[in-house]
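One structure is given below, encoded as structure tokens.
Quick caveat: nothing in here was measured; it's all calculated off a predicted structure.
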Amino acid sequence: MEASPSSPPVLGAAAAAAAGVGGRSPNPLLPSPDLTDFFVWREFVWGGIAGAFGEGMMHPVDTLKTRLQSQAIMTEAKAQKNIFQMVRTVWASDGLRGFYRGITPGVTGSLATGATYFGVIESTKTWLENANPNLSGHWSHFIAGAIGDTLGSFVYVPCEVMKQRMQVQGTQKSWASAAAKGSISQTHGTRMYGYYNGMLHAGCSIWRDHGLKGLYAGYWSTLARDVPFAGLMVTFYEAMKELTEYGKTKYLPNSDLDVSNSFEGLVLGGLAGGCSAYLTTPLDVIKTRLQVQGSTSRYNGWLDAITKTWTSEGVHGLFKGSVPRIIWYIPASAFTFMAVEFLRDHFNDKVDTDASELATLSIDARSEVEEAA
């Protein structure tokens with residue numbers, strides 16, 4: 001099986017569904033379409049596990065990125081700390097725990113996004129290629145990735161809002177001290193929001209203070225960042241896979257070199273994630289500032305945020321946090337694709353075998369009933 005987010009098992013399900021009518025397969029040796037469709041859900045499971053794994057591994061770097069990007073809002077200062085200064089600041093104020101603030105909503109959101117991202121890519125890509133052959137290849141990869149990430153955004157965005165607000169707070173003592181000094185105020189004497197003790201407290205507090213709008217703060221800016229990112233990542237991944245396969249065929253035609261799907265997913269997934277992350281950094285900066293700013297808004301929407309950022313900070317401001325963002329996405333994407341390929345390699349064959357055995361038992365039972373009749 002190739003190391004691809006568009007895995008053969010889903011193609012098999014689509015083909016079986018097209019071949020059968022009324023839940024029966026015309027070939028008695030194959031499982032019924034209904035049974036095969038059931039096992040398509042394993043892609044959602046693999047994707048969810050992989051997404052949560054990648055987020056959990058790289059959450060400390062994401063915390064540094066978030067604090068770098070939101071520092072202009074927190075202090076209204078133009079001069080920003082670099083990533084090494086931020087590491088010292090977080091460690092001095094909160095220790096190791098400070099790097100893991102907001103990890104619960106972060107993992108929850110990544111689990112939902114990973115499940116929908118990998119779960120719908122193949123079915124969407126196959127449908128697009130069948131409905132419109134002109135969308136085959138990289139266009140279908142881009143659109144399928146974008147649709148998968150968009151579906152996950154309904155869960156991911158509220159989790160992202162909670163995660164990022166928890167990431168910038170540090171300890172309760174440091175947050176209270178900063179509030180007293182006025183360094184987290186948009187206007188004199190006005191606090192952005194209260195301190196959150198956990199995911200549930202953050203969600204309830206945001207809902208109480210701002211309603212659904214507060215939980216989905218920066219929703220459109222999140223889509224503006226994640227839709228192109230998700231589309232670019234799967235496009236880059238598939239393109240690099242094709243390039244790798246071409247290189248093997250052209251330069252190593254007689255080689256018995258066998259690279260595991262997991263290792264290929266690790267390397268190519270990391271490269272795809274890093275390239276996509278850098279290109280979409282400006283969109284991430286705007287999204288972060290809109291979500292962190294709280295009740296007293298400095299920015300009146302996405303367009304106003306990008307205009308003010310460009311005017312006051314220039315290109316450097318739009319690419320603020322690009323280094324930790326790339327540092328985060330290279331290993332996070334690598335771990336995610338590696339985990340998906342590992343799960344597929346080690347569990348898909350077993351699931352397919354179990355499905356065939358269930359189908360065989362069903363066929364045998366039906367034959368016995370027919371003979372008895």
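- The line from CD1 of I143 to OG1 of T150 is 11.5 Å long, rounded to the nearest 0.5 Å.
- Of all non-hydrogen atoms in T336 and G51, the two that sit nearest each other are CG2-N, 4.2 Å.
- A donor-acceptor contact shorter than 3.5 Å links the side chain of H201 to the backbone of N197.
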Side chain to side chain donor-acceptor pair (under 3.5 Å) between S153 and Y219, intermediate numbers included: CA-CA 8 Å; S153 68; Y219 178 77; 3.0 Å; yes
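- Taking every heavy atom of both residues into account, A339 and F53 meet most closely at CB-CD2, 4.3 Å.
- Atom OG of S322 and atom CG of L279 lie 11.0 Å apart (nearest 0.5 Å).
- E242 and K248 are not joined by a salt bridge, as no carboxylate oxygen comes within less than 4.0 angstrom of a charged side-chain nitrogen.
- Ring-plane geometry between F337 and F118 is classed as perpendicular, the angle between the planes exceeding 60 degrees on a 0 to 90 degree scale with a lower cut at 30.
- When atom types are taken as modelled, the side chain of T63 and the backbone of F99 share a donor-acceptor pair closer than 3.5 angstrom.
- In this structure, E341 does not pair ionically with K241, as no charged nitrogen and carboxylate oxygen lie closer than 4.0 Å.
- Within the model, atoms CG of L318 and CD of E313 stand 8.0 Å from one another, a figure rounded to the nearest 0.5 Å.
- For K163, the salt bridge (Lys or Arg N to Asp or Glu O under 4.0 Å) criterion is met by D62, E160, not counting sequence neighbours.
- Remark: D284 engages K65, R225, R325 in a salt bridge (Lys or Arg N to Asp or Glu O under 4.0 Å) (not counting sequence neighbours).
- Note: H59 and Y100 have parallel aromatic rings, judged against thresholds of 30 and 60 degrees for the angle between ring planes.
- Minimum interatomic distance between T108 and T104 (heavy atoms only, all atoms of both residues): OG1-O, 2.8 Å.
- Partner of Y156 under the side-chain contact (heavy atoms from CB on, under 4.5 Å) criterion, chosen from D149, T113, L151, V161: T113.
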S262/D345 under side chain to side chain contact (heavy atoms under 4.5 Å, CB included): CA gap, chis, key distance, verdict: CA-CA 8 Å; S262 299; D345 283 346; 4.2 Å; yes
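- Dense packing is recorded around CZ of F229, with more than 12 heavy atoms of other residues, nucleotides or ligands lying under 6.0 Å away.
- Of the possible donor and acceptor atoms, one in the side chain of S260 sits under 3.5 Å from a partner among the backbone N and O of F263.
- Once rounded to the nearest 0.5 Å, the distance linking CD1 of I330 with SG of C275 reads 7.5 Å.
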